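Both ligands and their constituent atoms are indexed starting at 1 by order of listing. Quantities reported herein were computed from a predicted structural model and do not represent experimental measurements.
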Amino acid sequence: MKNELIHRVKETFVECFEKEPLLVFSPGRINLIGEHTDYNNGLVFPAAIDKGIVVGLSKSNSGTCNLYALDMKETYRFDLSKIEPIPNGNWKNYILGVIAEIQKLGLKISDFNCVFSGNIPRGSGMSSSAALENSIVFGLNKLFNLELTKHQMILISQKAEHNYVGVQCGIMDQYASMFGIENGALLLDCKTLKAQRIPIDFGLYEIVLINSNVKHELSESAYNDRHAVCTKVSKLLEKESLREVSFTDLEAIKKHINNEDYNKVLYVLEEIERVEQFAKSVEKQDLESMGNLLFQSHKGLSEKYKVSCNELDFLVSEAKKCDEVIGARMMGGGFGGCTINLVLKSELQNFENKISKVYQNKFEKACDVYKVKLSEGTRLV
Ligand code: GLA
């Protein structure tokens, strides 16, 4: 699948620009647990997957930069000295944002050609955006010998999203996509940006994603609203972030904030604890406890943090009814996208059939079921 993608990008590139490109693969990510904790300097537990984006790049001497989004069949041509965000610019803003952040650092790049394509289902919450940003910054770094470290690159990708896309995202997606490892996940402390690489083997169980195939239009502003609540409460408590806030601190200001905000902050504090507990359960291979933590995480996301939706709640509650599922929750920013489930391998087909049928009956649309392979991060191919 990935080789096919690489081949397609390479062939198209040669057709368009009559030159062999530099090729980069950057993966999407899943997240085992730790949702909406990254921008609170908390803990997360993501992993890079075997689906992602392939970018082909070369220097250009045509006097402009030329981009081609192969899947959308859209081209874009621009002048490096006149970069700004494009209203509703979609994929273009991820690329322009990365270039702008590179330029802000005083680093020089010259005109280039670019073709890209991916196999991460759109709107699935597997972070095709971080994969695109990372593949571009990684590729430009090589092409123009910028000598950026991977840590600098992910910060560039994140800022591109803040400044050009307008989403105040944390660092989880970019980190996981850049630093992912084969058959393992990253227990990342977003305060120190240090991660432990944890081998993942769920024994008789495996990770299964179910795509609700919904994407709510207001998800980006709702995301920024959540971010703003967390910042407001940290400020009120004179703390740098919610990571420094304790349950006692929160109780002390309960009277001074509204109930909604209280619940949101409570969710974040609880979720950071759940990540720690989950990591311990992984160490002990205690699948039952892992599964329970996933269900608890979903409940918090849905009832306290309010980033779920009917479709995701339904998928999780149906999964809970199945004996072959030991844990499930919504994954990523929310308001659509996928649930992540731990499912007994031998019963996977049975589970897939059941869930697809009930989902179709309830919402009159299909869900998609994917298995994922935990893979290495951004790299040259
Ligand atoms: C999106 C953001 C991440 C993270 C998740 C929620 O994927 O890009 O930074 O906040 O949502 O955990």
Side-chain angles (χ1 to χ4, degrees), residues 26-49 51-52 93-94 97-98 120-134 154-180 185-191 193 195 209 211-212 215-216 218-231 241-243 264-265 267-272 274-275 278 293-294 297-298 300-302 304-309 312 329-340:
S26 196
R29 62 103 188 90
I30 57 157
N31 185 22
L32 294 173
I33 195 161
E35 223 62 88
H36 290 272
T37 48
D38 60 350
Y39 52 83
N40 290 302
N41 278 349
L43 304 174
V44 291
F45 209 161
I49 55 173
K51 292 188 198 317
N93 281 333
Y94 296 100
V98 165
I120 304 174
R122 243 179 276 170
S124 61
M126 287 186 248
S127 210
S128 51
S129 49
L132 179 57
E133 293 149 5
N134 278 355
I154 59 170
L155 296 176
I156 288 174
S157 293
Q158 184 193 25
K159 286 195 195 121
E161 194 135 342
H162 290 178
N163 298 330
Y164 269 61
V165 184
V167 178
Q168 296 304 310
C169 66
I171 195 71
M172 170 171 76
D173 303 351
Q174 292 79 9
Y175 195 102
S177 167
M178 184 65 78
F179 291 100
L186 303 165
L187 178 55
L188 171 66
D189 184 330
C190 298
K191 188 170 171 173
L193 282 191
L209 304 183
N211 192 352
S212 63
K215 179 163 167 46
H216 284 253
L218 293 174
S219 60
E220 289 179 358
S221 60
Y223 184 94
N224 289 345
D225 289 347
R226 301 300 180 283
H227 186 278
V229 169
C230 297
T231 310
S241 69
L242 291 187
R243 180 67 182 279
K264 290 195 174 84
V265 175
Y267 158 78
V268 173
L269 304 189
E270 288 174 345
E271 181 78 351
I272 294 173
R274 275 191 288 268
V275 181
F278 193 92
L293 289 163
L294 295 186
S297 170
H298 184 81
L301 285 159
S302 176
K304 292 189 179 127
Y305 213 62
K306 298 209 184 295
V307 288
S308 186
C309 61
L312 292 171
R329 62 176 199 87
M330 55 150 276
M331 188 184 78
F335 309 103
C338 289
T339 61
I340 176 167

Point to revise | Glu35 N/O to ligand 1 N/O under 3.5 Å | key: yes

Review point. Looking only at N/O atoms, are Glu161 and ligand 1 under 3.5 Å apart anywhere?
Key: no

I'd like to know if the side chain of [X] and the backbone of [Y] have a donor-acceptor N/O pair within less than 3.5 Å.
X	Y	value
His162	Cys169	yes
Gln158	Gly170	yes
Arg226	Lys306	yes
Asn134	Gln174	yes
Asp38	Met172	yes
Arg243	Tyr39	no

Check each atom of ligand 1 against the heavy atoms of [X] and keep those under 4.0 Å away; list them by number with element.
X	result
Gly332	6 (C), 11 (O)
Tyr39	10 (O)
Gly170	9 (O)

Closest protein heavy atom (residue, atom, distance) for [atom]:
atom	result
atom 10 (O) of ligand 1	Tyr223 OH, 2.5 Å
atom 3 (C) of ligand 1	Asp38 OD2, 3.3 Å
atom 5 (C) of ligand 1	Met172 CE, 3.8 Å
atom 7 (O) of ligand 1	Asp173 OD2, 2.8 Å

Check your understanding: Out of curiosity, is Arg29 lining ligand 1, as in a heavy atom under 4.0 Å away?
Key -> yes

Exercise for review: Go through the steps for Glu35 and Tyr267 under the test side-chain contact (heavy atoms from CB on, under 4.5 Å), then give the verdict.
Suggested key: CA-CA 10 Å; Glu35 223 62 88; Tyr267 158 78; 3.6 Å; yes

